[in-house]
Amino acid sequence: MEQSTKNQPRKQYAYDFIKKRILSCEYAPGLHLNEQQLCEAMGGISRTPVRDAVSRLEQEGLLDILPKKGILVSELRFGDINRIFEVRMLLEPYVLRRYGNNLDTDQLRYFAQIMSDHTKIPFDSFYDLDDQFHNFVMSAMHNQYLIDAYQNISNLNQRLRMLSGTLVENRLADTFTEHRAIIRACQQQNWELAAEAMTQHLEASRISTFQMIAENEDGF
């Protein structure tokens, strides 16, 4: 049983606890939850921080509060893949075109080096590295409204990964090649080329996600 730390507010602890389990699909899409169950899972925490956390997670699209039915972990549907990638293909190339000059050159060199050979990266570390790279790109932007929108999409994307199955080796190699093309264009400060490379990468990722779900026996 997990306990909140002394320095962590209970509201934040409850939020982090529930969100972590939603994103990992331990709380699977469509699962019904209730306040008492959540309180007990967190070691007998009071209902007030749980209610606050549930309200925040509803605003982020991860929970649905249904009158007289309780709390439902938001469903993920096949069509969500297109919607997620539609938003990403609007935002990420735009950030490169509009804010690319804000990218840290030392970080670009770091990503260029670490992505030079995908065989040197542990397979189970790939998604973390992929997230780091895309978050780095988005860090160039200082529009909090767009950052919040992207974070919500990132949460949905993480759940999709958990449900769509294991990344295939060929896609891992292709992803590193696509990332290197983006990085090279950024180092050349050719932001239009970088944006085009990002669009191509996201489209390839979208197609791959559909394929992995189709090949996954359990599907969604």
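Count residues from 1 along the sequence.
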Side-chain heavy atoms of [X] within contact of [Y], under 4.5 Å:
X: Trp191; Y: Arg98; answer: no
X: Thr209; Y: Phe85; answer: yes
X: Lys11; Y: Arg56; answer: no
X: Leu146; Y: Val95; answer: no
X: Asp104; Y: Tyr110; answer: no

Transitively linked via ILVMFWY side-chain contacts under 4.5 Å: [X] with [Y]?
X: Ile207; Y: Leu172; result: no
X: Leu31; Y: Val54; result: yes
X: Leu90; Y: Ile84; result: no
X: Leu193; Y: Tyr99; result: no
X: Ile65; Y: Leu72; result: no

Which of these, Glu92, Glu196, Glu178, sits in a side chain to side chain donor-acceptor pair (under 3.5 Å) with His201?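 Checked Glu92, Glu196, Glu178 against His201; only one passes side chain to side chain donor-acceptor pair (under 3.5 Å): Glu178.
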
[atom1]/[X] to [atom2]/[Y] distance, rounded to the nearest 0.5 angstrom?
X: Ile71; Y: His32; atom1: CD1; atom2: NE2; result: 11.0 Å
X: Ser74; Y: Glu58; atom1: OG; atom2: CD; result: 8.5 Å
X: Tyr15; Y: Asp52; atom1: OH; atom2: CG; result: 10.5 Å
X: Lys20; Y: Gln158; atom1: NZ; atom2: CD; result: 11.0 Å
X: Ile182; Y: Leu202; atom1: CD1; atom2: CG; result: 7.0 Å
X: Ile147; Y: Met138; atom1: CD1; atom2: CE; result: 7.0 Å

For the residue pair [X] and [Y], what are the closest heavy atoms and their distance?
X: Ala14; Y: Ala53; value: C-CB, 3.7 Å
X: Ile114; Y: Phe176; value: O-CE2, 4.0 Å
X: Met115; Y: Ile183; value: SD-CD1, 4.1 Å
X: Phe136; Y: Leu108; value: CE2-CD2, 3.7 Å
X: Pro29; Y: Leu76; value: CB-N, 4.0 Å
X: Ala140; Y: Leu103; value: CB-CD2, 3.6 Å

For [X] and [Y], indicate whether the former's side chain and the latter's backbone hold a donor-acceptor pair under 3.5 Å.
X: Ser208; Y: Ser205; answer: no
X: Asn135; Y: Asp131; answer: yes
X: Arg21; Y: Phe17; answer: yes
X: Ser116; Y: Gln113; answer: yes

Taking salt bridge (Lys or Arg N to Asp or Glu O under 4.0 Å) as the definition, give me every residue that meets it alongside Arg83, ordered by chain and number, with sequence neighbours left out.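 Result, salt bridge (Lys or Arg N to Asp or Glu O under 4.0 Å) vs Arg83: Asp80.
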
Ring-face cation of Arg206 near Phe210 (centre distance under 6.0 Å, axis angle within 45°):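 Checked: cation-pi criterion not met.
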
Within the 3.5 Å criterion, strictly below it, is a donor on [X] or [Y] matched to an acceptor on the partner's side chain?
X: Gln36; Y: Glu40; answer: yes
X: Asp128; Y: Gln132; answer: no
X: Thr48; Y: Arg51; answer: no

Among residues at least two apart in sequence or on other chains, which ones pass side-chain contact (heavy atoms from CB on, under 4.5 Å) with Ala149?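 Listed in chain order: nothing, the list is empty.
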
For the residue pair Phe133 and His179, does the interplanar ring angle fall in the parallel (under 30°), tilted (30 to 60°) or perpendicular (over 60°) class?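 Rings of Phe133 and His179: tilted, 30 to 60°.
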
